[in-house]
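Have a look at the structure below, then the notes.
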Amino acid sequence: SWLLLKGDKKNGIMHLKRSLTLNEKYIDKILTSMAIAGLSFDEMENAIPRKPSSVIAFAKFLDNTGQREKAKQWYIDALELSEQYQENTLGHLSTIYHYFLKKEDLINAMEVALRGEKISPQEPWYKVALGDLYLRQDVEFKAKEKYEEALLVDPQNKRAFNKLQRLSP
């Protein structure tokens, strides 16, 4: 960030990207430093490594600074990267899912849950999330189906059990 403050944006961005590639731990501080140094969002994009955690952090930053459309696109990019990297997939996909759910973007939330289920068919979280989405759209038979599938892979899943209980007469 010292290079940025000195006006050497090109080298500053290159060094920040290298730092983030090695250790994503400080991404929030680095994003703040870039904003303070007066970098545009487009310039900041160049410093973001194409890794799910970094892309999600930048998407959150964009959303928090009012860049809603850019944030949405970065969350979609994070979804694609999560499939490629397949590390901490549940953590990344649940973050992306909750972002779209909070924005009432049920189509993208559904896409996230469906991709997660495809990647990890034995993970009940995706099945429960899909059940919840179907329930929000009043498609009860599909919701029941997903809750039952969740219980097949995890018979102790209390969320799926409780949701299914509420749907059963």
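Please read these numbers as outputs of a predicted model, since none were measured by experiment. The first residue of the sequence shown is numbered 1, and numbering continues consecutively from there.
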In the structure I gave you, are the side-chain heavy atoms of [X] and [Y] within less than 4.5 Å of one another anywhere?
X      : Y      : result
Arg159 : Trp125 : yes
Met110 : Tyr134 : yes
Lys60  : Tyr75  : yes
Phe41  : Thr65  : yes
Leu101 : Leu133 : yes
Leu81  : Ile56  : no

- Item | Gap between atom CZ of Arg166 and atom CG of Leu135 - 0.5 Å precision | 9.0 Å

Could you tell me whether [X] and [Y] have a side-chain N and a carboxylate O separated by less than 4.0 Å?
X      : Y      : answer
Lys70  : Asp42  : yes
Lys72  : Glu69  : no
Glu117 : Lys146 : yes
Asp63  : Lys103 : yes

State plainly whether one hydrophobic cluster holds both [X] and [Y], where clusters connect Ile, Leu, Val, Met, Phe, Trp and Tyr through side-chain heavy atoms under 4.5 angstrom apart.
X      : Y      : result
Ile27  : Leu62  : yes
Ile76  : Tyr97  : yes
Leu152 : Val128 : no
Leu130 : Phe100 : yes
Val112 : Val139 : yes

- Hey, does the Lys NZ or Arg CZ of Arg68 hover above the aromatic six-ring of Trp74, less than 6.0 Å from the centre and inside 45° of the axis?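 Negative - Arg68 is either too far from the ring of Trp74 or too far off its axis.
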
Donor-acceptor pair, side chain of [X] and main chain of [Y], under 3.5 angstrom:
X      : Y      : answer
Lys144 : Gly131 : no
Ser168 : Gln165 : no
Tyr147 : Asp132 : yes
Asn162 : Lys158 : yes

Please report the closest heavy-atom contact between [X] and [Y], naming both atoms and the distance.
X      : Y      : result
Lys118 : Pro121 : O-CD, 3.7 Å
Gly38  : Glu43  : O-OE1, 4.3 Å
Ser82  : Leu93  : CB-CD2, 3.8 Å

- Query: Between Leu79 and His92, is a side chain to side chain contact (heavy atoms under 4.5 Å, CB included) present by the stated rule, with each step listed?
  - Reply: CA-CA 8 Å; Leu79 175 59; His92 294 141; over 6 Å; no

- Message: Suppose we screen for salt bridge (Lys or Arg N to Asp or Glu O under 4.0 Å). Which residues come up paired with Asp138, at least two apart in sequence or across chains?
- Response: none

- Residues in salt bridge (Lys or Arg N to Asp or Glu O under 4.0 Å) contact with Glu140, at least two apart in sequence or another chain: none

- Task: Step by step, work out the side chain to side chain contact (heavy atoms under 4.5 Å, CB included) result for Leu90 and Tyr126.
- Result: CA-CA 9 Å; Leu90 179 57; Tyr126 300 114; 3.7 Å; yes

- Message: Considering only residues two or more places apart or on different chains, which pairs with a residue in residues 104-115 satisfy side-chain hydrogen bond (donor to acceptor under 3.5 Å, both in side chains)?
- Response: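 Every side-chain hydrogen bond (donor to acceptor under 3.5 Å, both in side chains) pair that includes a residue of residues 104-115, provided the two are not neighbours, is Glu80-Arg115, Glu83-Arg115, Glu104-Arg136, Asp105-Asn108, Glu111-Arg115.
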
